[in-house]
There are 2 protein chains.
Amino acid sequence: MTVQRADARRNYARILAVAEEEVAAHGADASLENIARTAGVGSATVRRHFPSRQTLLEAVFSERIDALVARATASAGAPDARAALLEWLGALTAYASSARGLAEALTLAGTDDPDHAPACCSAKLAGAADPLLQRAAQAGAVAPGVTAADLVTLVTGIVLATEHHQDPAAEANRLLDLTLRGVVPQG
Amino acid sequence: MTVQRADARRNYARILAVAEEEVAAHGADASLENIARTAGVGSATVRRHFPSRQTLLEAVFSERIDALVARATASAGAPDARAALLEWLGALTAYASSARGLAEALTLAGTDDPDHAPACCSAKLAGAADPLLQRAAQAGAVAPGVTAADLVTLVTGIVLATEHHQDPAAEANRLLDLTLRGVVPQG
DNA sequence: GTGCGATACGGAGGGCCCCACCACTTAGCA
DNA sequence: TGCTAAGTGGTGGGGCCCTCCGTATCGCAC
């Protein structure tokens, strides 16, 4: 392929816009067919631009993910490494539990193509969290053996498990706090 | 209804047996229709005995859930309250991550009928965990504000988030350990 | 043993969805 | 202005979920 044709780019954008609304409304298992209908294209066109549901979800969330990544790099040099990490994890949790479908998308990551992994959401987040984690670890604030991927996984799990709560964001935040401080401290 | 007819009871048992295998093989979103076919009954019969997918899942897991509950009550009087709690949580995690679909079933709980809640899996587990938690708390081993439901929710989340890992059980156990000890201790 | 009423069954049909194929349109270069 | 490859969307097959309703079966009463 040389470069995408103009109409293809137009359709891509339109589908993505509709998909954002639809995923926000119905979560990760929004109907692809419905998205196609609303966008005024055939269902095959959706599948061409986004071969799998996972691909579409990643595209939908990628901007916000990038924002979180940027935020992480911005606070990489903050004076209090521990606080910076905590704050970022809080932001991640808040966003993930407000954006229906993100958490499911994160767990699905790496389940299909093994090599497409580095480009996917969770890898990007883990990559962004890593510097924060390293600095906090150097400050002696982090338990041994914790990886950035662990942090993302834990947050994902909390969000998934609180999804059906009333006020999921608050519950998720509370459980995050618990997890960070330790449920049964002084091991 | 007076009492169930003999053939109805037979069908119920047969469906349940098939459902166990099918859920073990395909997780919480196993095909109800396929279960019906394998059991040699019409799909309507499945729906009659188990009005919702959630109902079926609860039935599938109830024996094992009851076993976990029994285990909790058995170790309610153990000398080391903290160790007893930890051990039970480990067992819960191990079972949940080995039994496909259990974690999803736990998160779905209470999402439909508000009053059927007490009978459902997660409530049963939380009820069983509560005495262990209380005793551990009295021993000063538990962070303030932790409820039994929190414990079940956290384990559920960890299991959900590690489901697509290779070796999910080991990963889940590691993350449980992290959560209990605290990722970023000394709050 | 037989008849009857309530209970339980399962097939059929509608709606929705995912997926793959393929004849057709259209953009963009020469 | 033509040509060609890129892109499109309609269509059909396969599944699944769910509901309705005519029918078969059970189990009690006689």
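Every chain is numbered from 1 and lettered A, B, ... according to where its sequence line falls, protein lines coming before strand lines.
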Worksheet item: Quick one: does Arg100(B)'s side chain have a donor or acceptor within less than 3.5 Å of a partner on Val23(B)'s backbone?
Response: no
Worksheet entry | His49(B) vs dC9(C): side-chain N/O to OP1/OP2 distance below 4.0 Å | yes
Response to the item:
Comparing nearest nucleotides in DNA chain D, the 5'-proximal residue of the pair Ala44(B), Glu33(B) is Glu33(B)
Discussion item. As a test of reading the structure: which of dA12(C), dC9(C), dG9(D) is closest to the side chain of Arg48(A), going by heavy atoms?
Written reply: dG9(D)
Response to the item:
Correct closest heavy-atom pair for Tyr12(A) and His49(A) would be CD1-ND1, 3.7 Å
Worksheet item: Quick one: which of dC17(D), dT8(D), dG9(D) gets closest to the side chain of Val41(A)?
Response: dG9(D)
Response to the item:
Taken to the nearest whole Å, CD/Gln4(A) to C1'/dG28(C) is 14 Å
Worksheet entry | Phosphate OP1/OP2 of dT8(D): any Asn11(A) side-chain N/O under 4.0 Å | yes
Worksheet item: Looking at dG27(D), dC17(C), dT8(D), which one has an atom nearest to any side-chain atom of Ser31(A)?
Response: dC17(C)
Practice prompt. Hey, which sits more toward the 5' end of DNA chain D by its nearest nucleotide, Ala8(A) or Ser43(B)?
Written response: Ala8(A)
Item to complete: For Arg14(B) and dG10(C), give me the distance from atom CZ to atom P, rounded to whole Å.
Response: 8 Å
Practice prompt. Identify which nucleotide among dC9(C), dA8(C), dC18(C) has an atom closest to any side-chain atom of Leu32(A), counting heavy atoms from C-beta outward.
Written response: dC18(C)
Discussion item. Any salt bridge linking Arg71(B) with Glu87(B)? Criterion: basic side-chain nitrogen under 4.0 Å from a carboxylate oxygen.
Written reply: yes
Worksheet item: With a 3.5 Å cut-off and just heavy-atom distances, do the side chain of Arg5(A) and the base of dA6(D) make a donor-acceptor pair?
Response: yes
Worksheet item: Once you round it to whole Å, what is the distance between P of dC16(D) and CZ of Phe50(B)?
Response: 19 Å
Practice prompt. Starting at atom CZ of Arg37(A), determine the distance to atom P of dG9(D), rounded to an integer number of angstrom.
Written response: 14 Å
Discussion item. On a heavy-atom basis, which atom in Ala96(A) and which in Val159(A) lie closest, and how many Å separate them?
Written reply: O-CG1, 3.7 Å
Discussion item. If you only use heavy atoms from C-beta on, which nucleotide in dC26(D), dC16(D), dA27(C) is closest to the side chain of Asp7(B)?
Written reply: dC26(D)
Worksheet item: Rounded to the nearest Å, what distance is computed from the CD1 atom of residue Ile35(A) to the C1' atom of nucleotide dC16(C)?
Response: 15 Å
Item to complete: Using modelled atom types only, decide if a donor and an acceptor are shared between the side chain of Arg64(A) and the backbone of Ala99(A) within a distance under 3.5 Å.
Response: no
Worksheet item: Hey, does Arg53(B) reach any base, or is it just sugar-phosphate, or nothing, if we go heavy atoms under 4.0 Å?
Response: sugar-phosphate
Item to complete: Classify the side chain of Arg47(B) and the base of dT19(D) as holding, or not holding, a donor-acceptor pair under 3.5 Å.
Response: no
